[in-house]
Amino acid sequence: MKPWHSLPVAEVLDTVGSDASAGLSSDEVARRRADVGPNRIEEVRPVRWYQVLGRQFTDVLIIILLVAAAISLAVGEVADAITILIIVVLNGILGFVQEWKAEQALEALRGMLSPTCTVVRDGSPVEVDSVDLVPGDIVLLEIGDRVPADLRLVESLNLKVDESALTGESASVHKDVEPVPEDADLAERSSMVWMGTNVTNGRAKGVVVATGMDTEFGKIARLTQSLGHEPTPLQRKLAVLGKQLGVVSILISAAVAIVGLLLGKDPVEMLLTGISLAVAVVPEGLPAVVTITLALGIRAMVKRKALLRRLQAAE
């Protein structure tokens, strides 16, 4: 089937089984609600600030640095230990600030659904909770309304909609009922209005074609909720590098200690020398450089209205 924005109004109404004048009957609404469920963005357990902070210190390189700091402190290299810890803490704070902002923005997605709306049911306009909308409902829109679901317009009079929450367009967009090409970008689908956007001018009538998690906002929410389970290529490469550095540092410290003992050096001195060389192998500045680079990437993407939940996604 062609996408809704490219179909004529009559074909859209026929496909969803609705009537632009009479809307759906109460019995039909109840049946469809049982099939599709409520019109809401699914809630997930909110992420706590300490969880976001904690995951900044689970990287292999960060763990190696913490071990290096502990060893430095144990062998009396207090200055080195403090330097490493400062780098780790600053790195964690920077990552936390970036990711916490993203978590807060995602939390706001659930507030994008209008609590009530006006629909035509059994031939008469009634005000209902937006959560009760079903595909095929006929929704009436006017200035100041927040669009309660994804609608295909069937009537429009000087309608303009603020879609900045979805597309990033700062200016209100003109809408009408004429079909647009199938391959039109989201921001160019003038025959559609989207859940969470706001009517700034005119009035219109639209038929619900998607509710809840099937809306464009719902798709964004589903994508963001599923992030973080699969490591990015950068995370995988840094994990491999961290393991390689760990192995190299152990081999170097062991080799130096063994050679020194074979040459008759003091065992304690050789142990400390091996540990010092192992700590020196770890690049203290690498995690900070990576984090700062990714943070700069996020800043550039935010200017283009992109929302990133994890810092590593900026690669």
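Counting from 1, the numbers follow the sequence of the chain as shown.
- Under the 4.5 Å side-chain heavy-atom criterion for grouping Ile, Leu, Val, Met, Phe, Trp and Tyr, Val207 is not connected to Leu157 through any hydrophobic cluster.
- Glu28 contributes atom CD, which lies 11.0 Å from atom CG of Asp122 (distance to the nearest 0.5 angstrom).
- Within the 3.5 Å criterion, the main-chain N or O of Pro135 finds a donor-acceptor partner in the side chain of Arg32.
- Taken from NZ in Lys160 to NE2 in His174, the straight-line distance is 8.0 Å, to the nearest 0.5 Å.
- When hydrophobic clusters are built by joining Ile, Leu, Val, Met, Phe, Trp and Tyr residues whose side-chain heavy atoms come closer than 4.5 Å, directly or via intermediates, Ile87 is not grouped with Val78.
- The backbone N or O of Ser130 lies less than 3.5 Å from a partner atom in the side chain of Asn39, making a donor-acceptor pair.
- What you find for Asp176 and Leu153 is that their closest heavy atoms are O-CD1, 3.6 Å.
- Nearest heavy-atom pair across Val180 and Glu188 is CG1-O, 4.1 Å.
- Counting heavy atoms from C-beta on, the side chains of Val193 and Leu159 come closer than 4.5 Å.
- Side-chain contact between Val128 and Arg121 is present, with heavy atoms from C-beta onward closer than 4.5 Å.
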Between Arg189 and Trp4, is the side chain to side chain contact (heavy atoms under 4.5 Å, CB included) condition met? List the steps.
CA-CA 10 Å; Arg189 298 174 187 176; Trp4 299 113; over 6 Å; no

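- The minimum heavy-atom distance between His5 and Ser191, with the atom names listed, is O-OG, 3.0 Å.
- The nearest pair of heavy atoms linking Asn198 to Arg146 is OD1-NE, 3.3 Å.
- With 3.5 Å as the limit, one finds a donor-acceptor pair spanning the side chains of Ser164 and Asp162.
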With side chain to side chain contact (heavy atoms under 4.5 Å, CB included) as the test, would you mind laying out the steps for Cys117 and Leu133 before giving the verdict?
CA-CA 9 Å; Cys117 61; Leu133 285 180; 3.9 Å; yes

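- In summary, Arg31 and Asp27 do not engage in a salt bridge, as defined by a charged side-chain N under 4.0 Å from a carboxylate O.
- The closest side-chain heavy-atom distance from Val12 to Val154 is not below 4.5 Å.
- Heavy-atom minimum distance, Pro125 versus Leu140: CB-CD1, 4.0 Å.
- Distance CZ/Arg40 to CE/Met195: 11.0 Å, rounded to 0.5 Å.
- Considering CG of Leu73 and CG of Leu85, their distance stands at 8.0 Å, rounded to 0.5 Å.
- The structure places CE of Met270 at 7.5 Å from CG of Leu261, a figure rounded to the nearest 0.5 Å.
- With hydrophobic clusters built from ILVMFWY side chains whose heavy atoms lie under 4.5 angstrom apart, Val139 shares a cluster with Val16.
- A salt bridge links Glu163 to Lys175: at least one charged side-chain nitrogen sits closer than 4.0 Å to a carboxylate oxygen.
- Open room surrounds CZ on Arg203; 12 or fewer heavy atoms of other groups in view lie less than 6.0 Å from it.
- Arg33 contributes no side-chain N or O that, together with a main-chain N or O of Val134, makes up a donor-acceptor pair within less than 3.5 Å.
- The closest donor-acceptor contact from the side chain of Arg152 to the backbone of Leu7 lies under 3.5 Å.
- Side-chain contact between Val209 and Ser18 is absent, with no heavy-atom pair separated by less than 4.5 Å.
- By the criterion of side-chain heavy atoms lying less than 4.5 angstrom apart, applied directly or through intervening Ile, Leu, Val, Met, Phe, Trp or Tyr residues, Leu151 is grouped together with Val9 in one hydrophobic cluster.
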List the steps and the verdict of side chain to side chain contact (heavy atoms under 4.5 Å, CB included) for Phe217 and Leu166.
CA-CA 7 Å; Phe217 260 113; Leu166 183 64; 4.3 Å; yes

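- A single hydrophobic cluster is seen to contain both Val120 and Val126, as judged by linkage of ILVMFWY side chains at heavy-atom distances under 4.5 Å, directly or through other members.
- To the nearest 0.5 angstrom, Ser156 atom OG is 12.5 Å from Lys205 atom NZ.
- Across all their heavy atoms, Thr200 and Val161 have their closest contact at OG1-N, 4.0 Å.
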